[in-house]
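I have placed the structure first, in the form of structure tokens, so that the comments after it can refer back to it.
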Amino acid sequence: MKALLELTKVQLKVTVRDFVVAFFSFAFPVLMLLMFGGIYGNKPTPFYGGHGTIDVMVPSYIGMIIAVTGLMNLPLTIAEYRDRKILKRFMATPLKPYYIIVSQVMANFAITLIGLLLLVITGKLVFGLHYLATGPSFILAFLLSIFSIFSFGFLIASIAPNANAATAIANIVYFPMLFLTGATIPLETMPAVMVRISKFLPLTYVVDLLKNTWLGVSQSYATDIIVLVIVLVVSFSISALAFRWEYT
Amino acid sequence: MAIVEVRNVIKNYGVLRAVDGISLSIEEGEIFGMVGPNGAGKTTTVECIEGLRKPDGGTISVLGLEPYKERAKLYELIGVQLQETSYDPKIKVWEICNLFSSFYGNPLPYSKLLERFELTEKRNSYVSRLSGGQKQKLSIVLALISNPRIVFLDELTTGLDPLARRSMWELIRGLRDEGRTVFLTTHYMEEAEYLCSRVAIVDHGKIVALGTPRSLIESSGMEERIIFEGTVPNIEELKNIKGVLDVQENQGEVAVYGKGADLLQNAVSYLQAKGISYKNLQTRTPNLEDAFLKLTGRKYEEDKA
């Protein structure tokens with residue numbers, strides 16, 4: 001247990017020292033919020049079904065942070081550790097191997113949570129953010145989103161033949177999801193064809209679920225939940241079969 | 001009582017047989033070396049013994065444990081340095097030491113280890129800021145945190161400059177002096193000759209020869225060579241001296257090949273008795289590298305990376 005905590009702590013430190021990850025998980029979402037909040041404010045608008053721009057953007061940007069930690073940082077770290085034979089070195093200790101994966105998940109979970117808090121605090125202090133979720137619905141949606149997207153990231157780490165390939169795959173997956181799922185640019189502003197493409201990207205369902213639970217919209221979340229559970233189960237199953245601790 | 005016992009170990013990678021029936025045993029307290037060119041099967045053999053790979057055939061016992069099956073127990077008792085592991089560049093020296101300490105039930109205090117390996121000043125440095133020698137010292141520190149009875153060092157000194165390599169040799173001797181058994185692989189013959197009580201020469205997945213460096217050199221039947229500048233009027237007479245096997249003369253340089261401890265003395269006495277003047281007399285005693293060349297029929301240098 002001590003080993004798991006130490007691994008997570010070290011992983012957290014190492015990740016935060018990486019400028020790119022720290023910038024895109026912590027600074028970038030807050031800067032976007034300040035910029036668009038400064039333009040549109042948080043007054044209810046019919047464009048967002050009577051909700052304020054900030055109240056819609058904060059949960060969407062949380063989806064963006066999950067994409068950075070889950071689709072970029074998680075798979076790239078694991079692939080790099082495999083390339084550097086760090087995973088193999090850990091195998092030659094009494095450490096339980098799955099602790100390595102669990103610690104990666106916990107560290108990236110913590111980074112996502114810090115990013116979420118920074119967004120929420122900024123939104124609250126600067127723009128009077130509203131949290132309208134009923135009961136634990138948003139928290140459950142957040143957890144499902146994390147596990148689903150992290151599994152997808154773990155799948156990238158499992159199928160990539162090396163760290164360079166993992167970087168390439170992660171970028172191919174990450175950037176369309178960043179722009180075509182509503183995580184940064186609202187789907188409401190997009191032409192029909194782009195909305196149709198968005199239906200094929202798992203992050204679309206994350207953003208939809210996070211946004212609507214946050215706003216307390218009473219609607220059925222069945223589609224979002226089913227898609228994310230399928231992504232979770234399929235990614236995890238393939239990873240469990242394909243994952244290798246080292247290249248042979 | 002041997003603490004490592006390897007019997008007829010076989011390991012295949014696809015159609016390639018990387019380890020082809022290797023047997024050896026290691027006594028407690030010795031520095032045992034495995035030498036051979038890259039691709040000879042050294043690393044695969046060590047990784048089977050360390051429990052990182054499952055052999056396709058044969059048996060291995062390390063401290064009475066079956067390495068691959070009883071890894072969890074084994075790794076409390078041995079320390080491992082792997083070839084080519086490079087740690088996260090953004091981790092600090094003390095952080096990685098602290099991390100490895102958390103893996104063990106009863107770790108050695110790492111601050112003392114850092115002091116011993118002259119890394120105390122670097123404890124707050126990122127791993128990426130260490131020199132090659134310091135990185136290798138750090139991997140020994142990490143291997144020692146478990147307070148191991150056996151330390152495995154795989155190509156520890158590869159890529160280090162001669163000075164760093166020398167200082168590493170003294171540190172390895174220090175490990176033996178405090179009662180640890182050391183198993184090392186290297187492709188530097190002079191390293192094996194200097195450090196090891198026994199050496200296994202490996203080529204194409206097989207042990208070609210095994211013994212003390214001295215006995216390997218002697219059993220290879222290599223000759224000593226004496227070279228000097230001068231003119232010998234009667235070559236046949238020189239050839240008949242005790243221990244001399246052959247004499248060759250070439251452009252004023254004479255090479256005397258032979259065997260035996262008193263070869264040099266006999267040759268020099270002959271030259272003096274006959275009043276033959278000689279300059280720049282040198283002797284060349286065969287070393288482990290010569291023995292390796294003879295035993296494997298290879299040109300060693302060409303195989304080096």
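Chain letters run A, B, ... following the sequence lines, proteins first and then strands; every chain starts at 1. This one's a predicted model, so the numbers in the text were calculated from it and none came from an experiment.
Heavy atoms of other residues, nucleotides or ligands lying less than 6.0 angstrom from NZ of B/Lys135 number more than 12. Other residues, nucleotides and ligands contribute over 12 non-hydrogen atoms within 6.0 Å of the CZ atom of B/Arg173. More than 12 heavy atoms of other residues, nucleotides or ligands sit less than 6.0 Å from atom CG of B/Asp177. By the neighbour-count criterion of 12 heavy atoms within 6.0 Å, atom CE of A/Met35 is densely surrounded, having more than that number from other residues, nucleotides or ligands. Within a 6.0 Å radius of CD in B/Glu115, no more than 12 heavy atoms belonging to other residues, nucleotides or ligands are found. Within a 6.0 Å radius of CD in B/Glu178, more than 12 heavy atoms belonging to other residues, nucleotides or ligands are found. Heavy-atom neighbours of A/Phe236 CZ from other residues, nucleotides or ligands within 6.0 Å: at or below the threshold of 12. Other residues, nucleotides and ligands contribute at most 12 non-hydrogen atoms within 6.0 Å of the NZ atom of B/Lys206.
Looking at B/Thr85 and A/Arg84, their side chains never come closer than 4.5 Å, going by heavy atoms from C-beta outward.
B/Leu82 CG to A/Ile86 CD1: the interatomic distance, rounded to the nearest 0.5 Å, is 11.0 Å. For the atom pair CD1 (B/Ile91) and CD (A/Gln11), the distance works out to 8.0 Å, reported to the nearest 0.5 Å. Note that the OG atom of B/Ser102 and the CG atom of A/Leu7 stand 6.5 Å from one another [nearest 0.5 Å].
With a 4.5 Å cut-off on non-hydrogen atoms, B/Phe152 does not touch chain A at all. When heavy atoms are compared at a cutoff of 4.5 Å, A/Lys2 approaches chain B by way of both its backbone and its side chain. Contacts between B/Lys73 and chain A at a heavy-atom distance below 4.5 Å are absent for every atom of the residue.
Using a 4.5 Å cut-off between non-hydrogen atoms, the part of residues 87-98 of chain A that approaches chain B consists of A/Lys88, A/Arg89, A/Phe90, A/Met91, A/Ala92, A/Thr93, A/Pro94, A/Leu95.
Of all heavy-atom pairs between B/Pro89 and A/Glu80, the closest is CD-OE2, 4.3 Å.
The choice from B/Ile78, B/Leu99, B/Leu142 that makes the most heavy-atom pairs within less than 4.5 Å of chain A is B/Leu99. With chain A as the partner, the residue from B/Gly105, B/Gly79, B/Ser86 showing the most heavy-atom pairs under 4.5 Å is B/Ser86.
For A/Arg17 and B/Glu95, the salt-bridge test passes: some basic side-chain N is under 4.0 Å from an acidic carboxylate O.
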